[in-house]
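Below is one structure; the comments refer to it alone.
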Amino acid sequence: MAAELTAHELIARHRPTLDQALEAIRTRAYWSPHPEHPKAYGENGSLDMAAGKAAFDALHGNRIDLGQPGTDGWVEGETSPYGIETGVSYPHADLDELLPAMKAGMRAWRDAGAETRAVVCLEILKRISDRTMEFAQAVMHTSGQAFMMAFQAGGPHAQDRGMEAVAYAYVEQIRTPDTAEWTKPQGKRDPLALTKQFVPVPRGVALVIGCNTFPTWNGYPGLFASLATGNAVLVKPHPRAVLPLALTVQVARQVLTEAGFDANLVALAAERPGEGIAKTLATRPEIRVIDYTGSTEFGDWLESNARQAQVYTEKAGVNTVIVESTDDYKGMLANLAFSLSLYSGQMCTTPQNLLIPRDGITTDQGPKSFDEVAADLAKAVDGLLGDDARANALLGAIVNPDVKARLEAAAGLGEVALASREITHPEFPGAVVRTPVIVKLDGAKPDAEAAYMSEYFGPVSFAVAVDSAGDAAELLRRTIREKGAMTVGAYTTSPEVEETVREVCLEEAAQLSLNLTGGVYVNQTAAFSDFHGSGGNPAANSALCDGAFVANRFRVVEVRREA
């Protein structure tokens with residue numbers, strides 16, 4: 001079948017956007033082609049909020065038939081954290097049939113070249129963007145994010161991260177020229193002359209192992225980095241969050257077909273309850289690239305056992321904020337309260353440990369003792385979440401029973417500065433909604449150390465009393481080195497303390513935010529500008545997104561002949 005979308009048409013349509021993305025990653029300035037306001041949708045073919053909700057509702061009880069080879073049954077079982085059953089079912093694949101079919105289309109995809117691959121990827125992202133409101137519902141009802149966060153993080157921000165990966169992939173592939181004329185003088189003899197061709201070649205089939213909390217935001221960088229560098233991509237969603245990635249695969253297969261490529265370059269691997277196919281897939285010889293977001297335990301297993309593949313992991317860490325002094329006490333408390341509350345702390349970037357000198361801190365409102373800082377932060381969180389409607393809009397729902405169990409257990413670890421409370425969701429009475437807990441710990445006590453040196457993923461944070469700013473910096477260093485950190489924050493008016501913390505983060509490779517008191521929060525990062533993770537500490541072996549994230553997904557093969 002002839003291509004409905006030619007490379008020329010796609011280049012004309014998307015090359016200006018690709019050029020803007022390339023400029024954005026060069027300058028690190030703010031840029032996004034994907035609107036983050038709901039009112040921007042509903043024109044130029046995109047779905048508005050009502051149409052997106054209707055499209056999501058229409059999926060209930062139906063199959064998403066992708067037309068993949070090797071389908072040997074159907075899988076369902078997702079339950080929304082908001083308490084509704086969607087009843088959507090997905091194809092279950094016979095891997096021995098699907099994987100060879102995926103490899104079959106790679107030659108034409110490789111030979112298409114970096115620019116064509118990039119603009120096909122941008123067309124996929126454009127089609128996804130047009131359905132942002134539908135995807136927002138899918139993300140909301142699989143991750144438990146509140147709607148506005150599911151819309152922004154699961155929609156435009158995820159799309160930004162995907163486009164960022166495409167831009168980096170393109171840059172790395174064109175770093176080497178397609179051809180070169182090589183001439184070496186030989187004195188009185190004729191020179192040696194060769195014509196050389198350099199071809200970026202993919203590694204093979206790439207595997208994306210999706211996560212429950214941010215299926216698109218964390219899934220798109222690896223998916224598009226691998227696809228843009230010529231690899232076929234098999235998407236294995238988290239069993240509780242299949243729908244957003246199944247829709248993504250559906251769109252990708254449609255665009256690939258229309259562009260004249262094999263739809264099987266992107267496929268879905270949904271799993272039956274308890275099947276655990278991630279380990280099986282991860283060690284198959286066809287799988288040559290793996291992207292994973294999730295627990296440290298399984299991430300470590302992948303790094304140790306998937307020896308045939310290039311493995312990119314984002315695991316877990318213990319994120320820390322040092323509170324030493326501030327010239328905006330009210331702003332600091334408001335900023336921290338929002339950071340601790342957003343999505344019930346179910347972000348890999350949410351602060352857990354707040355290191356505060358036991359003798360207190362200096363502020364623009366006078367000195368504040370350790371107990372006062374903890375109490376005032378508790379009041380700030382209470383004030384932020386005092387209205388149930390606003391609380392539901394910020395907290396979302398607890399994503400799974402493990403998070404709820406950790407939250408309930410945390411209250412027994414020390415003196416509670418802020419108790420968690422239950423909130424009823426007026427629209428979804430089946431949702432489990434809880435406010436954060438803040439527990440005070442003495443950093444010098446061994447039993448307290450067992451708590452603050454462990455990750456408590458969810459709405460749990462510890463106010464840890466330390467002897468001094470220097471002790472806080474050393475505890476920060478130890479925490480990053482042993483447990484990893486996706487984010488570090490610090491509040492200080494002292495240039496010396498700032499430099500000490502900065503040096504720790506440079507030496508231990510952790511991303512640092514200083515004195516945030518406004519509308520930017522330590523647990524948020526912007527595509528094209530901020531790096532998510534560093535790849536330099538145990539929390540993650542890669543960063544979203546830099547050259548290292550894409551460059552080893554392909555190799556350059558040289559073909560040379562005499563001129």
Taking the cut-offs as 6.0 angstrom to the six-membered ring centre and 45 degrees off its axis, would you call R28 and F531 a cation-pi pair? yes

For the backbone of A526 and the side chain of D160, can you confirm whether one donor and one acceptor N or O come within less than 3.5 Å of each other? no

Kindly assign one of parallel, tilted or perpendicular to the pair Y82 and F428, based on the angle between their ring planes and the thresholds 30° and 60°. tilted

Please identify each residue that fulfils ring pair (Phe, Tyr, Trp, His ring centres under 6.0 Å) with Y292, with sequence neighbours left out. F298

Show, in sequence, the C-alpha distance, side-chain angles and deciding distance for D402 and R406, and conclude whether the salt bridge (charged side-chain N to carboxylate O under 4.0 Å, His left out) test is met. CA-CA 6 Å; D402 292 340; R406 274 194 296 273; 5.5 Å; no

Of all heavy-atom pairs linking S534 and A509, the shortest is OG-O, 2.5 Å

Are Y452 and F462 near enough that their ring centres are under 6.0 Å apart? no

Side chain to side chain contact (heavy atoms under 4.5 Å, CB included) evaluation trace for T435 with V381: CA-CA 9 Å; T435 62; V381 174; 5.7 Å; no

Dump the intermediate steps for side chain to side chain donor-acceptor pair (under 3.5 Å) on T493 and D327, then the final yes or no. CA-CA 7 Å; T493 57; D327 57 9; over 6 Å; no

Checking E76 side chain against V88 main chain: does a donor-acceptor pair fall under 3.5 Å? no

Do Y491 and T517 get their side chains close enough for a donor-acceptor pair, meaning under 3.5 Å? no

Using the test side-chain contact (heavy atoms from CB on, under 4.5 Å), find all partners of D371 that sit at least two apart in sequence or belong to another chain. S369, K440

If you draw a 6.0 Å radius around CZ in R502, do more than 12 non-hydrogen atoms from other residues or ligands fall strictly inside? no

Test item: R481 side-chain N/O and E508 main-chain N/O as donor-acceptor pair under 3.5 Å: no

Ignoring hydrogens and angles, tell me if any N or O in the side chain of S341 forms a donor-acceptor pair with the backbone of F338 under 3.5 Å. no

Least distance between heavy atoms, P237 atom then L268 atom: CG-CD1, 3.5 Å

I'd like to know if the side chain of N319 and the backbone of M486 have a donor-acceptor N/O pair within less than 3.5 Å. yes

Side chain to side chain donor-acceptor pair (under 3.5 Å) between S494 and E496: does it pass, once the steps are laid out? CA-CA 5 Å; S494 163; E496 293 77 18; 3.1 Å; yes

For K39, does its backbone N or O pair with a side-chain atom of H37 as donor and acceptor, under 3.5 Å? no

Tell me yes or no: between the side chains of H532 and E314, is some donor less than 3.5 Å from an acceptor? yes

Given the rule in the salt bridge (charged side-chain N to carboxylate O under 4.0 Å, His left out) test, do R478 and E474 qualify, once you have shown the distances and angles that lead to the verdict? CA-CA 6 Å; R478 182 182 156 214; E474 285 310 304; over 6 Å; no

Could you grab the distance from atom CD of E134 to atom CG of L247, nearest 0.5 Å is fine? 5.5 Å

Rounded to the nearest 0.5 Å, how far apart are CD of Q346 and CG of N523? 12.5 Å

Can you tell me which residue among F214, F457, F147 is in a ring pair (Phe, Tyr, Trp, His ring centres under 6.0 Å) with Y343? F214

d(I25 CD1, W31 CH2) to nearest 0.5 Å is 10.0 Å

Side chains of Q159 and T132 only: does a donor on one sit below 3.5 Å from an acceptor on the other? yes

Any donor-acceptor pair under 3.5 Å from D467 side chain to R358 backbone: no

Sequence neighbours excluded, which residues qualify as salt bridge (Lys or Arg N to Asp or Glu O under 4.0 Å) partners of E271? K236

CD of E303 to OG1 of T296, rounded to nearest 0.5 Å, is 9.5 Å

Looking only at heavy atoms, the pair that brings T216 and A158 closest together is OG1-CB, 3.6 Å

Can you tell me how far CG of L333 sits from OG1 of T363, rounded to the nearest 0.5 angstrom? 9.0 Å

Does the pair E85 and T79 meet the rule for a side chain to side chain donor-acceptor pair (under 3.5 Å), with working shown? CA-CA 5 Å; E85 296 279 351; T79 299; 3.2 Å; yes

Under a 3.5 Å distance rule, please check whether T350 uses its side chain to pair with a backbone N or O of L340 as donor and acceptor. no

Distance-only, no hydrogens or angles: does the N515 side chain make a donor-acceptor pair with backbone N or O of T492 under 3.5 Å? yes

Mind checking the OG1-CG spacing from T525 to D530? Nearest 0.5 Å is all I need. 5.5 Å

